[in-house]
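Computed over heavy atoms, backbone and side chain alike; hydrogens, waters and symmetry mates excluded. Proteins get letters first, then strands, A, B, ... in listed order; numbering begins at 1 in each.
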Amino acid sequence: MLTINLIREKRNFIVSRLKIKNFEAEQIIDKILSLDSSRREIVSKTDMLQADMNRISKEIGSLIKNGRKEEAEAAREKTYSIKEEIKLMSEKLGPVDTDLRNEIVKLPNLPHESVLPGFGTESNLKVKEGGITTAVPDTFLPHWDLIKKYDIIDFDLGIKLTGAGFPVYKGKGARLERSLISFFLDEGTKAGYNEVMPPIVVNEDSGFGTGQLPDKEGQMYNVTLDNLYLIPTAEVPVTNIYRDVILNADDLPIKNIAYTPCFRREAGSWGAHVRGLNRLHQFDKVEIVQIAHPDHSYKSLEEMVDHVESLVVKLELPYRIMKLCGGDMSFTSALTYDFEVWSAAQKRWLEVSSVSNFESFQANRLKCRFRGKGDKQTQLVHTLNGSALALPRIVAAILENNQSEAGIKIPKVLVPYTGFEIIN
RNA sequence: GGAGAAAUGGCAGAGUGGUCGAAUGCGGCGGUCUUGAAAACCGUUAUGCUGUAUCCACGGCAUCGGGGGUUCGAAUCCCUCUUUCUCCGCCA
């Protein structure tokens, strides 16, 4: 959510920046500005009336104390009409407030000045490519066949228990999953992240805090009996830790890492490209979240990108880093880098991580602020997050790229975790 | 799940209808004293919205768990929700 101050002060700047995201903001902004000015008018009138009211009430108090009953009664008569006016004003204010908010939340975040225009993935900028390329045998299989061959992930069993997109990890498959989670958490901890284990169901307030509600309501599983939501990513609970919080500048940046299962309804996105592990309703992910000082948030972003890169390098996966163009970036992001790993058997790049700086867009909604030493005023923090990493496609890539006649070779760094070197 | 009690500023804790944004203590910040520190003493110490000024500043409104109500006036009374504690029940 953009701040109303920015919208008031930099109308044209916002309009031109949002063009990079292919978003026409003019109409919305003008509506916002007009709602804002009527809102302020109503608020200031109400405040003046309320001030009158407070003054008279105090007078009544002292008149009664001094036994001047008639004068008190006269003053009381005066309040009735003021009270009526206040009521009218507040009836006007309600709808204006909600309209204003509803319009503001329609505006996407401004892209960072370095973001290039574009409409889709083809306009994304490849900033780096690396990783060893493995020679796969001619008889290579896609991961959905490999998991059956070695009986390590069972989709049919998941269908029996729950439904499509809820696989059961078995034997070495389960162990590989657990090993990756531990590996990612350990690497994050080494890099200075504080491990947290949050709830995986959240309330409505948290859903609003990170922006999943009200827009993406249909993408989350809703526990209707208690009105709770299954988290689509650890970003939701971990970032909401800092909702309605004023931090000390000295404590920034705050670096948290969390493993959680993630739940996504993925309504309407089932199809050819989402076979096997490529898209699931429940999957495991380790997420890194930073709360940063606005002056240093891009340093944090680079640091997070480097961290994620170190993970794919250690896993010996062929990867590339894409800087997203305006049209491909999410609504909330100011700058996003995507990590993709090469799937040898599917012959395509799989997105495994998305690392973003949201600047103050999320913080404004969360009301997460900080104060410098000696500062009187508070300022919004910058929030950042990234997957480090999402498991299913990493598993798919490991399986596909490391297959051989003998079986699937486990990357060296994982062996201490798995306790085996090969899946056969 | 049942019965009862409670929720106040960073923390502890007073405040049962009027001058209460809120005593007091602790903590924090600034200062005096000191070679420096401690102690002592003095001062200061919430957030949001809004207006004038837009550098410092000054004023108005709102906020005592959330929401609603009664009243000229609510931290204080009523309703409701949430949370915590105690007892009972159930149970990893």
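In this structure, the side chain to side chain contact (heavy atoms under 4.5 Å, CB included) partners of Asn54(A), at least two apart in sequence or on a different chain, are Gln50(A). Partners of Tyr150(A) by ring pair (Phe, Tyr, Trp, His ring centres under 6.0 Å), not counting sequence neighbours: none found. Residues that satisfy the salt bridge (Lys or Arg N to Asp or Glu O under 4.0 Å) test with Asp36(A), not counting sequence neighbours, are Arg8(A), Arg40(A). Scanning for ring pair (Phe, Tyr, Trp, His ring centres under 6.0 Å) contacts around Phe155(A) gives an empty result, with sequence neighbours left out.
Looking at which nucleotide of RNA chain B each of Ser62(A) and Asp36(A) is closest to, the 5′-most match is held by Ser62(A). Comparing Gly61(A) and Ile246(A) by the nucleotide of RNA chain B that holds the closest heavy atom to each, the one mapping nearer the 5' end is Gly61(A).
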Query raised in the report: If pairs are Watson-Crick or G-U with both distances under 3.5 Å, what is the dot-bracket string of RNA chain B, marking crossing pairs with [ ] and pairs to another strand with |?
Result: ((((((((.[[[..)..(.....]]]((((((.......))))))(((((((....))))))).[[[[[..)....]]]]])))))))....

Tabulate below the donor-acceptor pairs under 3.5 Å that side-chain atoms of residues 246-256 of chain A make, not counting sequence neighbours, or state none.
residue: Lys255(A); atom: NZ; partner: Ala191(A); partner atom: O; Å: 3.0
residue: Lys255(A); atom: NZ; partner: Glu303(A); partner atom: OE2; Å: 2.8
residue: Asn256(A); atom: ND2; partner: Tyr242(A); partner atom: OH; Å: 2.8

With a cut-off of 3.5 Å and sequence neighbours excluded, list every side-chain donor-acceptor pair involving residues 78-88 of chain A.
residue: Thr79(A); atom: OG1; partner: Arg76(A); partner atom: O; Å: 2.6
residue: Ser81(A); atom: OG; partner: Lys78(A); partner atom: O; Å: 3.4

Got a list of side-chain donor-acceptor pairs under 3.5 Å for residues 383-391 of chain A, not counting sequence neighbours?
residue: Thr383(A); atom: OG1; partner: Gln362(A); partner atom: OE1; Å: 2.8
residue: Asn385(A); atom: ND2; partner: Glu235(A); partner atom: OE1; Å: 3.3
residue: Ser387(A); atom: OG; partner: Ser354(A); partner atom: N; Å: 3.2

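A donor-acceptor pair is defined here as one N or O able to donate and one able to accept, closer than 3.5 Å; no such pair exists between the side chain of Arg371(A) and the backbone of Thr378(A).
Within 4.0 Å (heavy atoms only), Ile64(A) reaches at least one base atom of the nucleic acid.
The salt bridge (Lys or Arg N to Asp or Glu O under 4.0 Å) pairs that include a residue from residues 52-61 of chain A are Asp52(A)-Arg55(A), Arg55(A)-Glu59(A), where partners are two or more places apart or lie in different chains. Within the structure, ring pair (Phe, Tyr, Trp, His ring centres under 6.0 Å) pairs that include any residue of residues 285-311 of chain A comprise His112(A)-Tyr298(A), Tyr193(A)-His307(A), His293(A)-His296(A), His293(A)-Phe370(A) (at least two apart or interchain).
For the P atom pair drawn from C29(B) and U84(B), the interatomic distance equals 33 Å after rounding to whole Å. The gap from the P atom of A14(B) to that of U24(B) amounts to 15 Å, rounded to the nearest Å. Rounded to whole Å, the separation between the C1' atoms of U34(B) and G28(B) comes to 22 Å. Using C1' as the reference atom, C33(B) and A74(B) are 47 Å apart when rounded to the nearest Å. G36(B) and A46(B) have their C1' atoms separated by 34 Å, with the value rounded to a whole Å. On the C1' atoms, C78(B) is 7 Å away from U70(B), given to the nearest whole Å. Here, G68(B) and A75(B) have their P atoms 15 Å apart, quoted to the whole Å. To the nearest whole angstrom, the two C1' atoms, one in U8(B) and one in U47(B), are 15 Å apart.
Extent of RNA chain B lying under 4.0 Å from chain A heavy atoms, first and last nucleotide in 5' to 3' order, is G18(B) to G73(B).
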Query raised in the report: What's the verdict on side chain to side chain donor-acceptor pair (under 3.5 Å) for His382(A) and Glu359(A), showing C-alpha distance, side-chain angles and the deciding distance?
Result: CA-CA 4 Å; His382(A) 281 190; Glu359(A) 298 194 3; 4.8 Å; no

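Using a 4.0 Å cut-off on heavy atoms, the residues of residues 40-59 of chain A that approach RNA chain B are Arg40(A), Asp47(A), Gln50(A), Ala51(A), Met53(A), Asn54(A), Ser57(A), listed by number.
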